[in-house]
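For clarity, every value in this text was computed on a predicted model and none was experimentally measured. Naming: A, B, ... by sequence-line order, numbering from 1 per chain.
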Amino acid sequence: MSHTIIPVKQLDTLRTLTFVIFRHNPADSNNTPHIQRYTVEEADSMTLFIALNDIRENQDPTLQFDFVCRAGICGSCAMLINGKPALACRTLTKNLPDEIHLKPLPGFALIGDLSVDTGKWMRGMSERLETWIHLQEKLVDITKLEERMEPQLANKIYELERCIECGCCIAACGTAQMRDDFIGAVGINQIARFKLDPRDRRTDIDHYTVIGDDTGVFGCMTLLGCEDMCPKELPLAQQIAYMRKKMAFQAL
Amino acid sequence: MKIIHTDTLVLGGGLAGLRTAIGIKRRGHDVVVLSLVPPKRSHSAAAQGGMQASLANSFKGKGDNETVHFSDTVKGSDWGADQNVIRMFVDTAPKAVRELAAWGVPWNRIQQGDHQSVIDGKQVTLTESEQSHGLLTARNFGGTQKWRTCYVSDGTGHSMLYTMSNQAIAQDIPVHERMEALSLIHDGQRCYGAIVRNLMTGELLAYIAKSTCIATGGFGRLYRSTTNSVINEGMGAALALETSVAALGNMEAVQFHPTAIFPAGILVTEGCRGDGGLLLDTNLHRFMPDYEPEKKELASRDVVSRWMETHIAKGFGVKSRFGEHLWLDIRLLGKEHIETHLREVKEICQHFLGIDPVKDLIPVRPAQHYSMGGVRTNYTGQSPSLVGMFSVGEAACWDMHGFNRLGGNSVAETVVSGMIVSEYIADFMESSEGAISVSSALIEKFYKKEQTLLASFNNKEHTENPFMLMREMQETMTNNVAIFRDETLLQQAVDKLLELRKRAKNIYVESDVQGANPALVAAYRVQRMLKLALCIAYGALQRQESRGAHSRQDYPLRDDKDWLKRTLATWGKEQDNLPTLDYEALDLTQMEMAPGWRGYGTKDRIDHPDTPLRQAQIEKIQHQFAKSDLSKKDETINVLASIQEELMPYKHLLPPSLQGNNERLTEKK
């Protein structure tokens, strides 16, 4: 996907930014979805974290949004920024045009305004796919030397484990927007991660039972918005293709 | 009023809370975890560099063991910690790291053969043995004698938290997300659970439990400049304080991390320096060896942060439009190392600073990072004054960090304290003290109190904006209660905080809308945060010495004669303006390591009159065993155990399931 290149603004050209923000508070039965505009004076090194807090503190204390780490590592603040899913905390205003449109991440239950319930979705995905190591033995003797692992394999597992469950891949996914039960790239990547891990006793046939249909790998339409929009730049397309191949063999 | 019953209520879904919940569930008890955010978003995920555990697998870890880790941690704490708890901790850390290895954390592993590394600014070759291949490796961190910090690139906390959270899901542990405890239900002697607000709907409800465990993390957001997540507002500690029964320990002990990127305050890991990165000034001069010829960039955090600020004050800071900073240089580590071992650092630099640390210098300045103080507990994790209330992790003052925490010891503490304290919570619930009988009148009293408080903000005669009060508090703490302190600064801070406390009673929350209501959240939190800020500032004002991270320019020496003691802060009545401070002496005669010099930082100090006596006792005990035959492995273990028994017995303090000796590679031969 091509990104529009916007020239980096210089310090002497700080602008007045217009934020066009989706508003809805489902907890208030009188409230209907609408759009609200705010203007903010741009500051040097301003991120959307800074700008949104500025709006809340100085203009509208009811504005809802989620930030936790504000460092791009916890995955709380994904939203649609001028139509594209991204982490708001590490998005600098200087890379955006004068008018900034913000909407909540689609595909998740709305809590209010820009806040969505990714937590519930991700827990559901984890329960369904059982995203934990299924140990060979029940009890591990933790006083003994740890099991060995090839250094390269540990690195490969970490590569897939870097997913921060932010939901950008779900928001960018055609299938996930059409059907609620699609596990998306985030889910398929999890299975690929546990499949790599020799500590997990599950086999391809076990994985097939949870992702071997069109709510899983066969639901992917290969639009690959997931990989384009992944803030951690995970190799999602490769994982989906790989798992699909493996699952196709199981189906035979 | 909706009431939810469980055996244990855990406040906080980070590493400490989740590991505690898992331990309790494994013992057959019910547990519910409350979390402000989805648990995988907790601040534990921000731990980058790693977790200390004395595995001694790698070449630079050779010779490491619990005793070396113990000694490093005691020195790091500036003798302010409970040495029994440190012993319990160092004994359990290898078990914790191995448990996580079994549960799926992709720890970085040892590759046998030659490796290029950077030590003290020079390229060196390290050779890993064949027999260590595939075991957990470790990197160097500040204030340690060995390379002991196990890691997963620089996303260690992330991997640990995901693994732990997935284990909690596997054990079917309910995590009630976006729930905030507003007060603890208690009768002045025993805790029965909490009044809780749903942050999505605004609903108030009660959770009743036999035991309640506070695992809410630290309070970095009391400061303007902090590496902490926005949720780290110290609410768990504030709830404990508001019982007026439970005490907070050593609140003035606040850590400042040397390398927060400037000016955003986002952390870049100590692993940058551990792996060979250097600190440079405006002349690109490496200044740390001038101050710390021995440990250089890798002295403890309190010491490095002080020298950085000192160096800036001398005029060697780099000037920028936001103020002054110094440089962190990791260019010498090379592209490959940075892109595999420091990739979060690279991403942070790229997104927030627009620079590439492979080629560019990173602007850094110390920022608030960690709360050594917190809810005072005994070694079992229970409050000594409020039965049934426990605390773990950064929220607690268990007290293994004293006045300065070593890097890599905090994520380690989260898991270790969860492993240990969960066993003690289960024991407690299985004992005669475990059962509760709680009246609905008591629950209602606490419920009504919170209901009244929340309604009180919606008063049009009130004029204060909670966000502005919060900002003024944060400015005060960052300006006056930071790295260098003195009486004038601290008195000013106390005065300002008292003024803010008064104004906070006059907060008007504009909206009375249904649902989340972020302004209301800020309103009740800022009132509580101001109490914590007063505990810190007032505690710092009273402590007339310098110890660890608490550095008084008007009392520059550590004073063991008068201050070898822990501050305990309680809040008597709601209308009180200041906490009541008591002091709990650290018993020097029972210490395994008598107070001395840390090996870095200031050498001068005021000794306790009993120090030479204890030192002599320790030497005598060690001398007694000096002639023992250490050629046989079994004999060595017995001798070491006997010395420990004489010096400071601690094994009996550990739950039976965690008393085993840790196996090491060298013992395998």
Part of D28(A) lying under 4.5 Å from any heavy atom of chain B = both
If one checks every heavy atom of S44(B) against chain A at 4.5 Å, the contacting part turns out to be neither
Does a side-chain heavy-atom distance below 4.5 Å link E347(B) with E233(A)?
-> no
M470(B), part contacting chain A, at a heavy-atom distance under 4.5 Å | neither
Test V68(A) against every option in L36(B), V37(B), N232(B) by the side-chain contact (heavy atoms from CB on, under 4.5 Å) rule and name the one that passes.
-> V37(B)
With only heavy atoms counted, which part of M419(B) is less than 4.5 Å from chain A, the side chain, the backbone, both or neither?
-> side chain
Quick one: what part of F49(A) sits under 4.5 Å from any heavy atom of chain B, side chain, backbone, both or neither?
-> side chain
Which atoms of N228(B) approach chain A - backbone, side chain, both or neither, heavy atom under 4.5 Å = backbone
Is it true that R98(B) and E146(A) make a salt bridge, defined as a side-chain N closer than 4.0 Å to a carboxylate O?
-> yes
Residue R193(A) versus chain B: region with a heavy atom under 4.5 Å = side chain
Spell out, as yes or no, whether a donor-acceptor pair under 3.5 Å connects the side chain of R41(B) to the backbone of I164(A).
-> yes
If every non-hydrogen atom of K40(B) is compared with every non-hydrogen atom of S126(A), which pair is closest and at what distance?
-> NZ-OG, 3.5 Å
Between A264(B) and chain A, which part of the residue has a heavy atom less than 4.5 Å away: side chain, backbone, both or neither?
-> backbone
Do W103(B) and V140(A) come close enough that some side-chain heavy atom pair is under 4.5 Å?
-> no
NZ (K103(A)) with more than 12 external heavy atoms under 6.0 Å | no
When the 4.5 angstrom heavy-atom criterion is applied to L135(B) and chain A, the contacting part is both
Using non-hydrogen atoms only, which part of L353(B) is less than 4.5 Å away from chain A: side chain, backbone, both, or neither?
-> neither
Heavy-atom contact with chain A under 4.5 Å, split by part of V97(B) = neither
Which portion of E177(B) sits near chain A, non-hydrogen atoms under 4.5 angstrom | side chain
Using 4.0 Å as the upper bound for N to carboxylate O, is an ion pair formed by E344(B) and R162(A)?
-> yes
Quick one: does V152(B)'s side chain get under 4.5 Å of E161(A)'s, heavy atoms only?
-> no
When the 4.5 angstrom heavy-atom criterion is applied to N661(B) and chain A, the contacting part is backbone
Could you tell me which portion of H43(B) (side chain, backbone, both or neither) has an atom closer than 4.5 angstrom to a non-hydrogen atom of chain A?
-> neither
So, the part of T340(B) with a heavy atom under 4.5 Å from chain A: the answer is neither
